[in-house]
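The structure under discussion appears below in the form of structure tokens.
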Amino acid sequence: MLQEDKDIQDFIKLVETQRPLFADCEEELQQLLGNLPSDKEGMSDAIADWCEAHPSVQKALDALSEQKEGDRVPGHTGNAPPPPDPKAYRDILENAIRRTQSPSKQTP
């Protein structure tokens, strides 16, 4: 798996599992989603730039990445499914962001 895929997937997981981190920046998260490039490298770079501007999110993302590194089994070369295409990543991230929004800010 490419580093871009890992970075995007880690960010999606963080959005899905660490809702309180994004409580004060829901609008900015929506802006990120609206401005995501259509290629994986561009998406990964945009997410990285956004996280740099939000130190608490960056710290949690770094911790998640470190945790995943420690979970690897040496010598394991299983056949993982191919990573999603950029449109699928955008859809997954959009759904994750929608679920994190406070009920008063969600649109029907």
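All residue numbers refer to positions in the sequence shown, counting from 1. Only this structure's heavy atoms are used, side chains among them; waters, hydrogens and symmetry mates stay out.
Listed by chain and number, the residues in a salt bridge (Lys or Arg N to Asp or Glu O under 4.0 Å) with Glu94 are Arg98 (sequence neighbours excluded). Every residue meeting the salt bridge (Lys or Arg N to Asp or Glu O under 4.0 Å) condition with Glu16, not counting sequence neighbours, appears here in chain and number order: Arg99. Not a single salt bridge (Lys or Arg N to Asp or Glu O under 4.0 Å) links Asp85 to another residue, sequence neighbours left out.
You'll find the side chain of Tyr89 reaches within 4.5 Å of the side chain of Gln9, heavy atoms only. Phe22 is not listed as a side-chain neighbour of Ile97, based on a closest heavy-atom distance of 4.5 Å or more. Using a 4.5 Å cut-off on side-chain heavy atoms (C-beta onward), Asp7 and Ile47 make no contact. Looking at Phe11 and Leu32, their side chains come closer than 4.5 Å, going by heavy atoms from C-beta outward.
Counting non-hydrogen atoms of other residues, nucleotides and ligands closer than 6.0 Å to CG of Asp24 gives a total of 12 or fewer.
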Verdict with reasoning, Gln18 to Lys13, per side chain to side chain contact (heavy atoms under 4.5 Å, CB included): CA-CA 8 Å; Gln18 300 291 324; Lys13 183 174 183 169; over 6 Å; no
Next item on the list: Could you walk me through whether Leu33 and Leu36 pass the side chain to side chain contact (heavy atoms under 4.5 Å, CB included) test, one step at a time?
Entry: CA-CA 5 Å; Leu33 181 62; Leu36 277 180; 4.1 Å; yes
request  = Please lay out, stage by stage, how Gln58 and Asp62 fare under the test side chain to side chain donor-acceptor pair (under 3.5 Å).
outcome  = CA-CA 6 Å; Gln58 182 66 56; Asp62 291 344; 2.8 Å; yes
| message | Quick one, Gln3 with Ser44, criterion side chain to side chain contact (heavy atoms under 4.5 Å, CB included). Give me CA distance, side-chain angles, the key distance, then yes/no. | response | CA-CA 9 Å; Gln3 186 63 42; Ser44 178; over 6 Å; no
Are Asp91 and Lys87 close enough, and set up right, to give a salt bridge (Lys or Arg N to Asp or Glu O under 4.0 Å), and what steps lead you there? CA-CA 6 Å; Asp91 293 343; Lys87 182 176 180 341; 3.2 Å; yes
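Closest approach of Ala60 to Leu21, counting heavy atoms only: CB-CD1, 3.3 Å. Residues Glu41 and Glu4 share a closest heavy-atom pair of CA-CG, 3.7 Å. Minimum interatomic distance between Leu61 and Leu14 (heavy atoms only, all atoms of both residues): N-CD2, 3.8 Å. Scanning both residues, Met43 and Pro37, for their nearest heavy atoms gives CG-O, 3.3 Å.
The distance from atom NZ of Lys59 to atom SG of Cys51, rounded to the nearest 0.5 Å, is 14.5 Å. From Leu64, atom CG reaches atom CG of Asp10 across 4.5 Å, with rounding to the nearest 0.5 Å.
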